[in-house]
There are 2 protein chains.
Amino acid sequence: MADVARLAGVSSQTVSRVSNGYAGVTEETRQQVLAAMKELGYRPNSAARALKSGEFRTIGVITFSLSTTGNVRTLEAIATSAAREGYAVTLLPVAVPTQDEVRGAFTRLEELAVDAVIVIMEVHLLDAATVRLPPHVQVVVVDSDAGDLYTVVDTDQAGGTRAAVRHLLDLGHETVWHLGGPEGSFAAQRRTDAWRATLAEAGRTVPPLVRGDWSAESGYRAGLDLAAREECTAVFAANDQMALGLLRALHERGRRVPEDVSVIGFDDIPEAGSFLPPLTTVHQDFAEVGRLCVEAVLRKMRQDGPERGTTLVPTRLVTRASTAAPPAPSAPRSAPAR
Amino acid sequence: MADVARLAGVSSQTVSRVSNGYAGVTEETRQQVLAAMKELGYRPNSAARALKSGEFRTIGVITFSLSTTGNVRTLEAIATSAAREGYAVTLLPVAVPTQDEVRGAFTRLEELAVDAVIVIMEVHLLDAATVRLPPHVQVVVVDSDAGDLYTVVDTDQAGGTRAAVRHLLDLGHETVWHLGGPEGSFAAQRRTDAWRATLAEAGRTVPPLVRGDWSAESGYRAGLDLAAREECTAVFAANDQMALGLLRALHERGRRVPEDVSVIGFDDIPEAGSFLPPLTTVHQDFAEVGRLCVEAVLRKMRQDGPERGTTLVPTRLVTRASTAAPPAPSAPRSAPAR
DNA sequence: CCATCAGATGTTTACGTAAACATTACAGGC
DNA sequence: GCCTGTAATGTTTACGTAAACATCTGATGG
């Protein structure tokens with residue numbers, strides 16, 4: 001900066017003013033400074049800026065693995081929204097989802113140059129007590145029910161589940177089986193709870209819960225079980241990958257979808273429309289989730305907007321070929337199929 | 001820091017020494033300083049550190065969308081490897097893959113606090129001439145043939161393609177059709193080239209190229225065409241998503257896989273083993289790619305290691321149920337099926 | 001008993017920037 | 001023509017850290 005000032009024949013402060021687009025600088029001077037900057041290849045030093053201003057203009061994102069569609073798409077939207085606001089995004093991966101690891105990420109974070117943090121993770125791993133965040137670092141959490149502790153943004157998973165289960169009931173199915181996610185997952189828990197509640201509401205029997213671990217492979221294994229049950233005519237899978245495995249298992253066991261069994265997924269991954277058959281599923285708007293996260297975290301930084309609370313992004317049922325009325329024998333009971 | 005020093009009754013320099021694990025500090029003093037740090041909740045200011053040291057300990061990653069498995073998995077590996085080396089990763093998403101956008105990302109980058117950059121992108125979008133990177137910022141590129149300009153790390157796509165095509169020929173297929181990726185894509189180009197070369201080498205006719213855009217939907221559309229061609233008994237799809245769409249199209253048109261048509265994919269996405277039928281595909285070790293990227297970029301920063309050149313990560317053919325010998329009518333011609 | 005030396009700790013300084021304050025120049029009013 | 005006020009520009013300073021250098025302490029050997 002001093003060099004630029006010297007070359008342009010001005011003070012370094014004037015260079016600073018030009019660099020920051022400050023008003024009171026003559027056009028002539030401005031041009032001279034810009035020319036000098038260009039000639040010397042001047043670039044503002046962000047470390048010095050951060051030191052002076054106390055702001056890094058960076059948002060940290062802590063996430064456990066980028067293996068799920070949702071996390072990735074959310075991350076992408078966060079990065080895009082943040083960029084639009086002039087913020088950079090720093091990634092803090094947590095290799096294995098143990099509390100130790102998470103704590104490690106937060107420890108690294110403590111030394112990190114971020115103004116705010118967005119956590120894309122089941123909050124129960126986040127053991128608030130042991131985490132000491134730098135003061136003034138704001139946190140927004142995705143995928144959690146910790147709305148009373150943090151600001152939370154999430155998709156309306158209960159609503160999506162309800163729509164999925166109702167769709168199957170409305171088609172005339174006696175009840176709906178559920179291929180749930182892994183035990184520890186909060187998202188899985190919520191979908192399972194909503195499934196139970198919707199069935200209970202409609203006065204249907206609740207079949208035993210079958211669990212997978214989100215992977216297609218686990219869906220396949222669970223599917224082999226489900227295929228063996230004659231009475232199972234409709235399955236709500238907690239995500240599309242497991243639904244894929246389920247479709248394979250049903251096919252291998254000779255049960256046709258949707259003629260014999262209806263299958264519905266969750267997430268609407270890009271491939272869902274190309275499954276055999278194309279999968280009816282619940283679409284989640286992760287782009288919107290990411291956008292809202294950034295919005296929320298920036299608002300918190302500016303000290304306006306609520307400290308905590310949950311924002312839900314609506315989900316949408318996407319109807320494809322994998323769902324239909326149940327086979328004739330077990331015809332509609334109370335709710336007409338129409 | 002000054003506060004800590006005061007509380008501990010030492011100089012700020014001693015605090016700095018403790019903070020950085022410097023040797024010549026009495027255990028007693030060290031404990032006092034640590035106690036003071038804890039009491040005051042001291043955290044080193046990374047901006048000041050960066051200003052002093054000239055290093056940000058951050059690697060920037062520029063990528064066009066996180067929509068492909070490969071990019072995401074590579075990114076994840078980069079983040080993990082970087083964390084292990086004490087580096088943070090800053091994400092620079094490029095919304096649409098135009099040169100303007102890419103240039104924009106680099107412009108943002110110029111002001112960004114990074115010591116090095118890894119570009120996960122087709123390099124032809126990267127128009128080296130218009131990009132002025134901060135001096136001393138090292139670049140490593142993934143997915144490109146720019147080994148003469150940059151340090152490049154990539155999977156051995158040609159080798160993987162060769163293995164895939166040879167596998168089909170060895171099964172007895174007359175020739176192999178190719179469902180290629182989009183025109184602009186370098187990865188697609190390489191796979192297509194290797195497909196042609198392998199067929200030519202084996203003295204087979206090269207069927208007309210069919211193109212998709214990586215999506216399952218485009219694979220489906222292309223598949224409807226291919227399904228109509230009796231003579232097509234083996235298809236090599238440039239990625240697993242397109243292969244998925246292809247499987248659906250073949251199924252709908254009543255052509256059985258693998259009895260009538262063999263299908264092979266590329267990437268080995270986690271779901272590939274749960275397709276109908278499970279997909280034979282080429283596995284790519286993206287974790288290794290990410291690891292090597294970080295290694296390469298750090299080596300470049302330390303000024304040892306080559307300035308440019310390409311490192312290839314081996315690929316591996318994963319044989320599943322979607323490939324088999326061709327149907328009887330068009331029996332093996334020159335290469336015996338064994 | 002003192003010179004020497006090494007290890008521990010303190011002091012000064014600079015990294016690049018921008019806020020706060022100081023100065024200069026010039027236009028307009030009297 | 002001088003005073004006042006304002007716009008443009010310059011000067012000083014501090015942000016938090018760590019390298020370089022300075023100082024102090026106590027132990028060792030002659």
Side-chain angles (χ1 to χ4, degrees), chain A residues 1-58 86 88 110-115 134-137, chain B residues 1-58 86 88 110-115 134-137:
Chain A
M1 193 149 132
D3 295 341
V4 173
R6 205 170 305 123
L7 180 60
V10 299
S11 76
S12 65
Q13 183 55 45
T14 299
V15 176
S16 170
R17 285 194 257 258
V18 172
S19 170
N20 292 338
Y22 203 80
V25 179
T26 319
E27 185 55 27
E28 190 191 338
T29 311
R30 220 175 70 82
Q31 288 306 331
Q32 271 174 11
V33 172
L34 287 176
M37 279 180 171
K38 194 163 184 185
E39 178 164 345
L40 296 177
Y42 166 80
R43 294 170 206 295
N45 178 311
S46 55
R49 278 195 171 165
L51 177 59
K52 194 74 180 67
S53 69
E55 272 196 4
F56 300 101
R57 298 201 72 79
T58 296
E110 287 178 2
E111 319 203 333
L112 223 57
V114 299
D115 303 314
H136 308 303
V137 170
Chain B
M1 193 149 134
D3 295 341
V4 173
R6 206 169 307 124
L7 180 60
V10 299
S11 75
S12 66
Q13 182 56 48
T14 299
V15 177
S16 170
R17 284 193 259 259
V18 171
S19 171
N20 291 337
Y22 202 80
V25 179
T26 319
E27 185 55 27
E28 191 192 338
T29 311
R30 219 175 70 82
Q31 289 307 332
Q32 271 174 12
V33 172
L34 287 177
M37 280 179 172
K38 194 164 185 184
E39 178 164 345
L40 296 177
Y42 167 80
R43 294 169 207 295
N45 178 310
S46 54
R49 275 194 173 165
L51 177 59
K52 194 76 179 69
S53 69
E55 272 196 4
F56 299 101
R57 297 201 73 79
T58 297
E110 286 178 3
E111 318 202 332
L112 223 58
V114 299
D115 303 314
H136 308 304
V137 169

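Lettering of chains follows the sequences in order, A, B, ..., and the numbering in each one begins at 1. None of these values were measured; they are calculated from a predicted model.
Side-chain atoms of A/Ser19 and A/Arg49 include a donor-acceptor pair closer than 3.5 Å.
With sequence neighbours excluded, the residues forming a side-chain contact (heavy atoms from CB on, under 4.5 Å) with A/Ala47 are A/Asn45, B/Ala50, B/Leu51, B/Phe56, listed by chain and number. With sequence neighbours excluded, the residues forming a side-chain contact (heavy atoms from CB on, under 4.5 Å) with B/Thr26 are B/Glu28, B/Thr29, listed by chain and number. The salt bridge (Lys or Arg N to Asp or Glu O under 4.0 Å) test applied to A/Arg57 returns A/Glu55, not counting sequence neighbours. Applying the side-chain contact (heavy atoms from CB on, under 4.5 Å) rule to A/Ser11 yields the partners A/Gln13, A/Thr14; only residues at least two apart in sequence or on another chain are considered. Considering only residues two or more places apart in sequence or on other chains, A/Leu34 meets the side-chain contact (heavy atoms from CB on, under 4.5 Å) condition with A/Val18, A/Arg30, A/Gln31, A/Met37. B/Ser12 pairs by the side-chain hydrogen bond (donor to acceptor under 3.5 Å, both in side chains) definition with nothing, not counting sequence neighbours.
Terminal axes of the helix from C/dC1-D/dG30 to C/dC30-D/dG1 (five pairs each, C1' rotation axis) are separated by 50°, to the nearest 10°.
If you take CD of A/Glu27 and C1' of D/dA8, they are 14 Å apart, rounded to a whole angstrom. Across the protein-nucleic acid pair, B/Glu28 atom CD and D/dG26 atom C1' stand 15 Å apart, rounded to whole Å.
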Pairs of donor and acceptor atoms involving the side chains of residues 3-10 of chain A, under 3.5 Å and at least two apart or interchain, shall be tabulated with distances.
unit_1 : atom_1 : unit_2 : atom_2 : d
A/Asp3 : OD1    : A/Arg6 : NH1    : 3.2

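Where A/Tyr22 and B/Val10 each meet DNA chain C at their nearest nucleotide, the meeting point lying more 5' is that of B/Val10.
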Summary of protein contacts for nucleotides 11-18 of chain D, nucleotide by nucleotide, where a base hit scores B, a sugar-phosphate-only hit scores S (4.0 Å, heavy atoms): B--BBBBB

